[in-house]
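A short write-up of the structure that comes next.
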There are 2 protein chains.
Amino acid sequence: MGKTVLLVEDEVRIREVVADYFKQDGWEVYETDNGSSAIDWYDAVYPDLVILDIMMPQMDGFAVTRQVRKRSGVPIILLTARSSDDDKIHGFELGADEYVTKPFSPKVLVARANSLMKRATEHYLPTGHMISFGQAIVNMKSHQLQLEGKQVELTPKEYELLVFLLHHKNNVLSREAILNHVWGLDFDGDSRVVDTHIKKLRAKLSCESHHIKTVIGTGYKFE
Amino acid sequence: MGKTVLLVEDEVRIREVVADYFKQDGWEVYETDNGSSAIDWYDAVYPDLVILDIMMPQMDGFAVTRQVRKRSGVPIILLTARSSDDDKIHGFELGADEYVTKPFSPKVLVARANSLMKRATEHYLPTGHMISFGQAIVNMKSHQLQLEGKQVELTPKEYELLVFLLHHKNNVLSREAILNHVWGLDFDGDSRVVDTHIKKLRAKLSCESHHIKTVIGTGYKFE
DNA sequence: CTTATTAGGACACATAAAAGACATATAACC
DNA sequence: GGTTATATGTCTTTTATGTGTCCTAATAAG
């Protein structure tokens with residue numbers, strides 16, 4: 001699965017240009033022009049990166065940042081027309097990771113996004129880094145699962161699914177959100193594929209499968 | 001209240017650098033260079049996070065992990081020297097939440113610590129949109145009810161009903177009104193379904209069930 | 001005390017998810 | 001290029017869970 005970015009910008013011209021550059025660079029781009037729908041989009045796709053314009057009608061970039069930060073520590077880039085230090089402090093306090101001042105070059109923005117992602121990825125998955133739960137250790141480098149000292153092979157989908165669940169521990173994830181993130185937006189099959197892969201993951205997790213909770217009517221949750 | 005971390009590392013140089021980074025990030029840092037005093041420190045300060053070097057004289061990181069785990073589920077990060085320790089991790093009892101391989105960047109370690117803390121905190125005190133009453137917290141995101149620290153699973157209807165009551169606190173709600181809002185206008189069944197679901201909600205609310213008052217001849221009220 | 005109304009329990013029915021079987025797609029190998 | 005193995009996705013059956021109805025006991029109102 002490629003990198004996904006949620007782009008929130010009300011000026012159509014800027015949004016389209018930026019989106020094009022990101023697509024060119026291999027990103028999957030979700031676009032919206034206002035803050036309140038941005039939150040809905042976030043919950044639906046769980047993007048790897050969020051780019052927010054500060055100046056937007058109704059719900060501005062700061063407000064969106066606050067809402068997103070309630071949900072996760074996903075990298076956030078704020079786009080600003082103002083360059084005053086007050087704004088910067090305000091934004092950093094709220095949890096934005098970077099500031100890009102308008103006018104900016106889309107190339108530079110993509111470059112910053114990539115370096116931020118790289119940092120975030122290292123931060124999530126540094127080499128040799130592992131996450132454990134119960135008797136299990138997930139090796140983020142070899143994409144393997146170690147269970148009671150034994151190696152358990154995971155298929156790519158199983159691995160992606162497990163990592164997505166782990167990164168959103170304790171959050172209820174709808175089939176929709178899981179599909180969008182692990183399978184991608186272009187997947188147009190039955191949302192029950194998620195069930196099938198959850199089933200297979202549970203089988204491989206064996207004694208630790210209880211961590212994956214079914215949330216009836218919605219989806220799943222990792223605890 | 002600031003975050004506190006107990007740092008157990010026998011190499012002075014590493015310990016001091018790491019401690020500095022954590023202090024810089026607003027943490028209160030307790031340091032010690034050996035495993036046995038680590039337990040004493042733990043009992044004295046009850047830190048929010050424990051960072052342990054695996055390789056230590058006398059009592060190693062695994063032993064300390066075991067001791068700490070007897071006391072609580074506090075987040076633990078183990079520092080391992082290169083991947084040669086991977087083999088050791090195989091056979092040992094687990095219980096640490098993360099493993100960071102040396103050499104590591106102190107920045108990354110602080111970042112990991114923060115995200116781990118965030119997860120742990122979310123787990124204990126879910127943020128996001130919540131409504132609380134008495135000892136209960138309703139999480140509008142996970143559709144769950146937390147009662148005296150324990151998660152209580154709500155079915156979709158129970159959740160909708162509870163949220164409707166909460167949104168109209170202190171208002172007497174007729175069965176008709178409840179039906180129309182929670183079941184929808186098209187529902188053509190018996191209005192006594194409301195009673196049944198109120199009953200089930202009360203059972204799940206247990207000690208907080210007194211908030212749901214019966215208004216005889218009309219319906220119910222949440223106080 | 002009588003009647004109206006609700007609570008509680010038992011049960012039937014509806015819906016959602018798990019399990020299993022199978023078909024198709026993808027990759028690896030000869 | 002054809003063959004095999006593996007991974008992925010769909011379909012059907014089984015199981016679990018949620019929902020709604022009914023009946024009886026308890027409780028409140030008149």
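Per chain, numbering begins at 1; letters A, B, ... match sequence-line order. Excluded from the calculations below are hydrogen atoms, water molecules and symmetry mates; all remaining heavy atoms, backbone and side chain alike, are included.
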Exercise. In chain order, what residues pass the side chain to side chain contact (heavy atoms under 4.5 Å, CB included) check against B:Ser206, with sequence neighbours excluded?
Worked result: B:Leu147
For this session: For residues 197-210 of chain B, pull every pair meeting salt bridge (charged side-chain N to carboxylate O under 4.0 Å, His left out), keeping only residues two or more places apart or in separate chains.
Result: B:Glu158-B:Lys204
Exercise. Listed by chain and number, what are the salt bridge (charged side-chain N to carboxylate O under 4.0 Å, His left out) partners of B:Glu176, not counting sequence neighbours?
Worked result: none
For this session: Send over the distance from B:His197 NE2 to C:dA7 P, rounded to a whole Å.
Result: 14 Å
Seminar exercise, completed: B:Phe187 meets the side chain to side chain contact (heavy atoms under 4.5 Å, CB included) criterion, sequence neighbours left out, with B:Leu179, B:Trp183, B:Val193
For this session: Find the bend of the helix from C:dC1-D:dG30 to C:dC30-D:dG1 as the angle between its two terminal axes (five pairs each), to the nearest 10°.
Result: 30°
For this session: May I ask you to check whether A:Thr32 and A:Ser37 show a side-chain donor-acceptor distance below 3.5 Å?
Result: yes
Seminar exercise, completed: 5' to 3', nucleotides 16-25 of chain C under a 4.0 Å protein heavy-atom cut-off (B base, S sugar-phosphate only, - none) gives SSSBB-----
Exercise. What residues, two or more places apart in sequence or in another chain, satisfy side-chain hydrogen bond (donor to acceptor under 3.5 Å, both in side chains) together with A:Asp190?
Worked result: none
Exercise. Which residues satisfy the salt bridge (charged side-chain N to carboxylate O under 4.0 Å, His left out) test with A:Lys23, sequence neighbours excluded?
Worked result: A:Glu31
Seminar exercise, completed: Between CZ of B:Phe187 and P of C:dA14 the distance, given in whole Å, is 13 Å
Exercise. Going 5' to 3' on DNA chain D, which nucleotide is the first and which the last to come under 4.0 Å of a heavy atom in chain A?
Worked result: D:dA7 to D:dG18
Exercise. By side chain to side chain contact (heavy atoms under 4.5 Å, CB included), which residues pair with A:Ile216, not counting sequence neighbours?
Worked result: B:Pro156
For this session: With sequence neighbours left out, write down each residue that passes salt bridge (charged side-chain N to carboxylate O under 4.0 Å, His left out) with A:Asp25, or none if nothing qualifies.
Result: A:Lys3
Exercise. Pick the nucleotide of DNA chain D nearest each of A:Lys204 and A:Gly189; which residue has the one closer to the 5' end?
Worked result: A:Lys204
For this session: Go through the structure and list residues passing ring-ring contact (aromatic ring centres under 6.0 Å, His included) with A:Tyr21, not counting sequence neighbours.
Result: none
